[in-house]
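First the structure, in the form of structure tokens, and then the observations on it.
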Amino acid sequence: MKAVVWNEKLEFPKDFPVPVPREGEALIKVRVAGICNTDLEIFKGYMGFKGIPGHEFTGIVERVAGGPDDLIGRRVVGEINCSCGVCSYCLQGMKSHCPRRTTLGIAERNGAFAEYLTLPAINLLEVPRGLSDEEAVFTEPLAAAVEITDQNHVKPTDRVLVMGDGKLGLLSVFVLSLTQAHVTLVGKHGWKLDIARKAGIEAISVDHLPPDEKYDMVVEATGRAEGIGEALVRVKPRGTIILKSTVAGGNSINLTPIVINEIKVIGSRCGPFGPALRALSQGSVDVKPLISGIYPIEKAREAFEAARTQGALKILLDFREE
């Protein structure tokens, strides 16, 4: 099969063996895969991953090893964390924190930048009819945005600032706007801010954000290590900072304001696929404006170059033959 492989350098597309599903796993033929900022950080050393990256996909189930066949032929998306199911974390419902987990395209499991991948059948959700492959591939990043409201009670009276007008920042303001809170997006790119404005969300250039403005909640989605320091300047005393950026490099910060101002800092990662998939299928979140380009796997090199381009949003790899 054709695959994009990372081993200290990118090889694309490379001939790679079709994976063999283990007991309870499904073999999935990938239709569309999305390039995420986390993938780009992997190429800088994040998680020390080697193999086939990619964790956002839409695909068709071809077979299930030792399991029911009701998924065969179905179009699916898949939760990316594969847990043991028996440890204390799994038994408490925290499967994404299982110490023995593998993570699709990120940790110990080959990912979605290939014609085929494998995932446990219990991780799969069927894509509703009427939802395109290109929209459904946003289920994983949209779920990460939904995690913000799963972790925190956002009141209608709250003033929320989302820092960063990239893919996750935009998805976050879409989700947060459904809470009726006053949500503001701050970023550097006028055309990205316009996407939020067209959805009825306040969006401000970082150069025009009032210097003394403070918020009940600040979502840091800048993709930069310096983001947490900037968030500390913007959050009210006893406010909450939600950290969404995953970056390969670190950054030293002064923790004193967290103590003095009694700030709550919450790391926020993967989220629930069910609500994200429903939001997409019901049209309460429109992701189509976030697609910057679709490239066939034969042009994977150009796709990754486009994804690295400043200002790009979602770049998709297309494995479909028709």
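One is the number of the first residue; the rest follow in order along the sequence. Because only heavy atoms are used, hydrogens play no part in the values below, and waters and symmetry mates are left out as well, while side chains stay in.
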message: Show the nearest heavy-atom pair for residues Val20 and Arg63, with the distance to one decimal.
response: CG1-NH2, 4.4 Å
query: Charged N to carboxylate O under 4.0 angstrom, Arg197 versus Glu202?
result: no
Derivation and outcome, side-chain hydrogen bond (donor to acceptor under 3.5 Å, both in side chains), residues Glu41 and Thr38: CA-CA 5 Å; Glu41 290 297 318; Thr38 300; over 6 Å; no
statement: Shortest non-hydrogen pair, Ile201 vs Val173, comes out as CD1-O, 3.7 Å
query: Are any side-chain N or O atoms of Asn123 and backbone N or O atoms of Glu79, one a donor and one an acceptor, separated by less than 3.5 Å?
result: yes
Any residue meeting side-chain contact (heavy atoms from CB on, under 4.5 Å) with Gln92, in chain and number order, not counting sequence neighbours: Ser88, Met94
field: Residues clustered with Val265, ILVMFWY side-chain links under 4.5 angstrom
entry: Leu161, Met163, Val186, Ile204, Val206, Leu209, Tyr215, Val218, Ile228, Leu232, Val235, Ile241, Leu243, Ile253, Leu255, Ile258, Ile263
query: Taking NZ, NE, NH1 and NH2 as the nitrogens, is one of them in Lys2 or Asp15 under 4.0 Å from a carboxylate oxygen of the other?
result: no
message: Under a 3.5 Å distance rule, please check whether Thr240 uses its side chain to pair with a backbone N or O of Met217 as donor and acceptor.
response: no
- request: Determine yes or no for a side-chain-to-main-chain donor-acceptor pair under 3.5 angstrom, with Ser284 supplying the side chain and Leu280 the backbone.
  value: no
- prompt: Do other residues, nucleotides or ligands put more than 12 heavy atoms under 6.0 Å from Phe43 CZ?
  reply: yes
query: Rest of the hydrophobic cluster containing Val233 (Ile/Leu/Val/Met/Phe/Trp/Tyr, side-chain heavy atoms under 4.5 Å)?
result: none
task: Keeping the roles fixed (side chain from Lys314, backbone from Ser292), state whether a donor-acceptor pair exists under 3.5 Å.
output: no
message: Hydrophobic cluster membership, with links at side-chain heavy-atom distances under 4.5 Å among I/L/V/M/F/W/Y: are Ile28 and Ile297 in one?
response: yes
field: Atom pair CG (Leu142) and CG (Leu290), whose distance is rounded to the nearest 0.5 Å
entry: 10.0 Å
- request: Assess whether atom CZ of Arg22 is packed by more than 12 heavy atoms of other residues, nucleotides or ligands within 6.0 Å.
  value: no
- prompt: Which pair of non-hydrogen atoms, one from Ala196 and one from Leu185, has the smallest distance, and what is that distance?
  reply: CB-CD2, 3.8 Å
- request: Would you confirm whether Ser245, through its side chain, and Gly223, through its main-chain N or O, come within 3.5 Å as a donor-acceptor pair?
  value: yes
task: Would you kindly confirm whether Val30 and Phe12 end up in one hydrophobic cluster when ILVMFWY residues are joined by side chain heavy atoms under 4.5 Å apart?
output: yes
field: Under the salt bridge (Lys or Arg N to Asp or Glu O under 4.0 Å) test, residues paired with Arg74 that sit two or more places apart
entry: Glu126
query: Under 4.5 Å between side-chain heavy atoms, hopping through other hydrophobics if needed: is there a path connecting Ile80 to Leu277?
result: no
- request: Please write out which residues are connected to Val86 in a hydrophobic cluster, directly or through intermediates, given that two of Ile, Leu, Val, Met, Phe, Trp, Tyr count as joined at side-chain heavy-atom separations below 4.5 angstrom.
  value: none
task: Can you run down the salt bridge (Lys or Arg N to Asp or Glu O under 4.0 Å) pairs that involve residues 252-268, sequence neighbours left out, and say none if there aren't any?
output: Arg238-Glu262
query: Quick one: does Asp158's side chain have a donor or acceptor within less than 3.5 Å of a partner on Val154's backbone?
result: no
message: Checking Glu11 now: which residues fulfil salt bridge (Lys or Arg N to Asp or Glu O under 4.0 Å) with it, not counting sequence neighbours?
response: Lys14
field: Arg159 with Asp216: basic N within carboxylate O range, under 4.0 Å
entry: no
- request: Verify the neighbour count for atom NZ of Lys29: are there more than 12 heavy atoms of other residues, nucleotides or ligands below 6.0 Å?
  value: yes
message: Under the salt bridge (Lys or Arg N to Asp or Glu O under 4.0 Å) definition, can you give me all pairs with a residue in residues 217-229, not counting sequence neighbours?
response: Arg224-Glu226, Arg224-Glu230
task: Of all the heavy-atom pairs spanning Phe113 and Phe319, show the shortest one and how long it is.
output: C-CZ, 3.7 Å
- prompt: Ignoring hydrogens and geometry, is there a side-chain-to-backbone donor-acceptor pair from Asp39 to Cys36 under 3.5 Å?
  reply: yes
- line: salt bridge (Lys or Arg N to Asp or Glu O under 4.0 Å) pairs touching residues 86-110, sequence neighbours excluded, are Glu25-Arg109
query: With distance as the sole test, does Asp165 use its side chain to make a donor-acceptor pair with the main-chain N or O of Lys188 at under 3.5 Å?
result: yes
query: Would the number of heavy atoms belonging to other residues, nucleotides or ligands and lying under 6.0 Å from NZ of Lys198 be above 12?
result: no
task: Evaluate salt bridge (Lys or Arg N to Asp or Glu O under 4.0 Å) for Arg320 paired with Glu134, printing each intermediate quantity in order.
output: CA-CA 11 Å; Arg320 294 169 295 193; Glu134 293 85 351; 2.7 Å; yes
field: Distance (rounded to the nearest 0.5 Å) between Ile106 CD1 and Tyr46 OH
entry: 6.5 Å
message: Taking the side chain as everything from C-beta on, heavy atoms only, tell me whether Leu40 gets closer than 4.5 Å to Arg308.
response: yes
query: Mind checking what makes side-chain contact (heavy atoms from CB on, under 4.5 Å) contact with Gln151, not counting sequence neighbours?
result: Glu147, Ile266, Ser268
Residue pairs fulfilling salt bridge (Lys or Arg N to Asp or Glu O under 4.0 Å) with at least one residue in residues 276-287, sequence neighbours excluded: Asp286-Lys288
- request: Quick one: closest heavy-atom pair of Cys82 and Leu119, and the distance?
  value: SG-CD2, 3.5 Å
query: Are Arg75 and Asp133 close enough for a salt bridge, meaning some N to O gap below 4.0 Å?
result: yes
Shortest non-hydrogen separation from Val77 to Ala136 and the atoms involved: CG1-O, 3.5 Å
Interatomic spacing from OG1 in Thr139 to CG in Leu125 - rounded to 0.5 Å: 8.0 Å
query: Under the 3.5 angstrom rule, does the side chain of Lys244 hit a backbone N or O of Ala144 as a donor-acceptor pair?
result: yes
query: Mind checking what makes ring pair (Phe, Tyr, Trp, His ring centres under 6.0 Å) contact with Phe57, not counting sequence neighbours?
result: none
query: Between Ser132 and Glu135, is there a donor-acceptor pair closer than 3.5 Å when you use the side chain of the first and the backbone of the second?
result: yes
query: Do Leu124 and Leu71 come close enough that some side-chain heavy atom pair is under 4.5 Å?
result: yes
